[in-house]
Amino acid sequence: MTPAGSLLIADGLHKAYGRTPALDGAHFSIHPGEVVAVMGPSGSGKSTLLHCLAGIVTPDSGAVHYGGRDLSKMSDAQRSSLRRGEFGFVFQFGQLVPELNCVENVALPLRLNGVKRKEAEARALTWMERLEVADVRAKRPGEVSGGQGQRVAVARSLVTGPRVLFADEPTGALDSLNGERVMELLTEAARETRAAVVLVTHEARVAAYSDREVVVRDGKARDMAGVR
Amino acid sequence: MTDQETAAPSRGAFARWTADLAMGARFAVTGGRESWARTIMTAVGVGLGVVLLLFASSAPNAYELREDRGAARSTFDTGTLDELKAGPDTLRVADANTTFRSEDIEGKVLAPDGNQPPEPPGVNRVPAPGEMWVSPALKKLLADNELLRERLSYRVVGTIGDSGLSGPADLRYYAGVDGAVFKHDKGQRIDHWGTQPSNGPINPGVLLLVIVGCVVLLLPVLIFIATAARFGGERRDRRLAALRLVGADSHMTRRVAAGESLCGSLLGLLTGGLLFLGVRELASKVVLFDASFFAADIRPSVPLALLIAVVVPASAVVVTLIALRGIAIEPLGVVRNATPRRRRLWWRLLLPVLGIGLLLPLAGGFGANSSSGDREIYQAAAGAVLLLVGITALLPWLVEAVVEKFGKGPVPWQLATRRLQLSSGTAARAVSGITVAVAGAIAIQMLFATVEDDQTRSTGQDPFRAQMAATLQVDNGNQAAATFAKYRATKGVRQVLGTTSGYAAEAHPKKKRATEDSPTESITVADCATLREMARLRHCSDGDVFVAEASSDMYAPDEPSFLKPGVQLNLRLDGDGVPVTKNPKLWTVPRSAEVVKTKTDPQGSENPGVLATPGALEVSRLTDPTAQVMLVLDPRVPDAQEYAWNTSATLSPTMDVYTLTSTSETNQFATLRKALLIGATATLLLIGASMIVSTLEQLRERKRLLSVLVAFGTRRATLSWSVLWQTAVPVVLGLALSIAGGLALGTLLLKMVNEPWTVDWASLSLMTGVGAGVIVLVTLVSLPPLWRMMRPEGLRTE
Amino acid sequence: MSIGHTLLGLLESGPRHGYDLKRAFDERFGHDRPLHYGQVYSTMSRLLKNGLVEVDGIEHGGGPERKRYAITDAGITDVEQWLAQPEKPEPYLQSVLYTKVVLALLTGRDAGDLLDVQRAEHLRLMRDLTQRKRTGDLSDQLICDHALFHLEADLRWLELTAARLGQLSKAVRS
């Protein structure tokens, strides 16, 4: 797939932690509304690729372009603001603030963007209804099941209406049925809002929810779209 | 898991306990870097507390030893007020204290009557005239200061031994002088040194101060020790969970945990003991609160030390077991009771109410009769402890109740309050130490304020008009004039206001027989410049006489005075001030004498009576005159006061010289109050340290969550503020509660000693300021690790 | 499994007699089912007819005469195409995939690439199944799930094989 019309493009990313190279010249691009699975064995650099794409980590070299701007040339504050406004995140575990209840957790990104509490929680609740977890709104994360917690996390990632959704092993801690449901709801919601989804996973059945997959091996990303 | 216990019934409970405790101790020492860190934190925390406790337990000894030595060198023996006859074993002694650059030097001049005079403590031989024994500290001061050597111009023949000193920094000397120094009834004659320890009634205010002071300083230390025993608890719990996985039952894990903190607290006890020995040596080199202590004096009383050695580790174990009560350590992790029980108010309220109940009946009568003294002391102490502990117990409830109402508001505030809602106990526990310290400090400050009011008065002295004053008994007026001249010639003295005064009676009283209470009036002879400081004069020239009437009631006579212009006076009085009618020394107040009003002199007193210029009354006619000088010093001469002191010393070593100040505060109280503030501040800092530890622990535990929050764009400021609020809310609540409790306790205590209600607002706000400082400090210290943990590396799965 | 492609692949490393071919085949791929001689000769004559192999020479010894076969350029292209073409994802693919991987390694081709392509093919089918599942009824879902889990198992085998390529290539070359 050509980078033309792409929402997010990464070019020649290099990143090393200490002496271990995590990314070694990775390329990546994604279109609006597209779900791309990033696959590969553990330690291949999948997560690092996601972190670089999302502007959480700055690559040692290479560029990440989002909407015509190079993320690696932005200040930390600018990237934070971009992540708050344009990106959404779902992780495998440990992502909900334990002392906030579920609806407050979902409303958190909106509130970080300065939305008033009442409005933020109302919008959060709509998303929780979408993800079928409205009934646990007043519970704390410690009091809900793993599947419910993960749906709350998905609701949180979608609440700001992100252009790109980054999901790092979103079903890693769930059983098949729950994982499937979370993936269904996630991809459905993303397609509806024309959000691009970068889906890091090592599970084929999760990757099957994507439109195409990119395989990361030895720090290099290989786009499998053209291979038939 | 319990069947494991039943499987080994032969194993005694004692053996089981020891084995598990030992295992815990082994974990504490050999459990890798993490458990080492935890053990060291606990040991240091407990050690710091133990140092304070050991010092506190040494205080009675140190005080007593100091007092004993003070009594042993005292010459004021209530038992021998009667004049002693001179004999071979008697000695005349007088105070010859001086001040050198605001350091008080205690001195005595001695003149033996015979050849077997008693030696003062720490001195082998009574110094011969011109010789002196000095304390080591004074020796050093003398060596460094030429000016002081001029003043104490005796030859140093020995160093006073420790048994004669209060402490290493004691400035003291004994000088041998000629018997002539003792004329005019100066000093006293003694045949031994030392007094019986006095058993006089203690000022009830001071007694209360001591009781509450001990409670206030020690309770936070105990709370701190309890907190220190919990350092790193959450990680320890996870380690214990792993132990459960390999087959330990829940009782066993508890015992292992107890063993861990027992080990930490024992190490703390050791650390504390060693630190104490070190600090004690240091303490002997430092002058604290105008007092110094010999290291040997600072020794804990044995029963108290034993108590510390038992109570500290025991309480560490108890605290650990109580802390584990609320959680279940399961093989797969630690389960905290999901919905913690709501805190109950009633028993928390009961404590302070009981305390008030104990204190109220004492109102007005504390220390009134010494027979019920002991019971009252215990009652007061128990009441104060209950009230203070009650405040501490109220705090968790208050934090919970208040925090429940919040939760709205900006994100940092929401994060902080929700965090507190989930675990308000941890926060409240840390702050409770502050609460006791501050509440107690406030109560004590209030007591101080009144005790101080009793002891500190506006002197009425005016240091702008004159800076020093001295009184000297002289033989005759000429000698007085010579004295003034000497002062005038002293470097740094700008003006000498010198008066010579004596007394006079009516020459022809209505009652013929003269008795001790025959009315007399003072006659003061001085130049016009001096007289102008003493009375409101429209004009004055040599040869004038004035009759001064008191301006204020305090100096006004009870019955109309015989003194008026034209009256004839008898200047001859005997040593007791009784007019001698035989062969009287007559002098008539001129009819032209003007009647004037007195004016407060620079020393703060009024001098009603006859004011005469030297041209009107020859000073030599006064009987037993007293010379008094007030010196106006040149502020540009740095050591002007010292020169004036030196001049005084050449006149007489026993001369009363003092510096004029507008208020006189008893040094003791100023330093006690400073000590209290320092103590409270130290406690606040100690608590701050434990808050930092728990905040860091909490941050480390949520490293991953922090990274996630960063991922979705949370600003640093948002999380920093939430850390600030998280500290600030309990501290502010704690301070509010302690101010309320402190004022209540203070009010009760004041009622007990029948003193009016006053609050030292300055120190109250200082306390509040220190509290705010702790909040800021905890936040600032937590920020760098917070920011470090907010780096995205935390997202990488290990 | 295509015996023709396998024999062609074996010939790619050098001309061989029919007997040699059978032995090489049995050694590497025929643990459970050795080839019959007849199978070898019929396959070879088909390949000869299609011009994918040629007779390199005939040996006359004490026994029957033995033809030595060599691969033609057309034969090489045929092997190439076969290796590059992902197998249709269906159950019990492992023997053909294994053969392909070994032949790729033997002939110095990129076996990792081969596996990647195969995985993409598997995923494509999984995507279709997932899509069908989302729109279908419960019985569709259950049937799709069954297929999905089997495909997933194959995929995991592919992943594992990919991870062990280094090990395998050593074994094959020895």
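All chains are named by letter (A, B, ...) in the order of the sequence lines, taking the proteins before the strands, and each is independently numbered beginning at 1. FYI, side chains are in, hydrogens and waters are out, and symmetry mates aren't considered; it's all heavy atoms of this structure.
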(message) Quick one, Gln414(B) with Arg111(A), criterion side chain to side chain donor-acceptor pair (under 3.5 Å). Give me CA distance, side-chain angles, the key distance, then yes/no.
(response) CA-CA 10 Å; Gln414(B) 187 181 38; Arg111(A) 304 214 50 210; 3.0 Å; yes
(request) Mark yes when over 12 heavy atoms from residues, nucleotides or ligands other than Trp725(B) sit less than 6.0 Å from its CH2; otherwise mark no. (result) no
(request) Heavy-atom distances under 4.5 Å only: say whether Thr714(B) touches chain A with side chain, backbone, both or neither. (result) both
(message) Is there a side-chain contact between Asn101(A) and Arg418(B) in this structure, where contact means two heavy atoms from C-beta onward sitting under 4.5 Å apart?
(response) yes
(message) For the CZ atom of Arg716(B) and the OG atom of Ser80(A), what is their distance to the nearest 0.5 Å?
(response) 9.0 Å
(message) Less than 4.5 Å to any heavy atom of chain B: does that hold for the side chain of Phe87(A), its backbone, both, or neither?
(response) neither
(message) For Leu415(B) versus Leu100(A), what's the shortest heavy-atom pair and its separation?
(response) CD2-CD1, 3.7 Å
(message) Less than 4.5 Å to any heavy atom of chain B: does that hold for the side chain of Arg79(A), its backbone, both, or neither?
(response) neither
(request) Write down the atom of Leu112(A), the atom of Arg715(B), and the distance for their closest heavy-atom approach. (result) O-NH1, 3.4 Å
(request) Specify which of Pro98(A), Ser81(A), Gly142(A), Ala77(A) makes the most heavy-atom pairs with chain B at under 4.5 Å. (result) Pro98(A)
(message) To check you understand the geometry: which heavy-atom pair defines the closest contact between Phe89(A) and Ala711(B), and what is its length?
(response) CE1-O, 3.0 Å
(request) Go through the atoms of Gln78(A) and report whether side chain, backbone, both or neither lie under 4.5 Å from a heavy atom of chain B. (result) neither
(message) Measuring only between side-chain heavy atoms, which start at C-beta, is Leu709(B) closer than 4.5 Å to Leu108(A)?
(response) yes
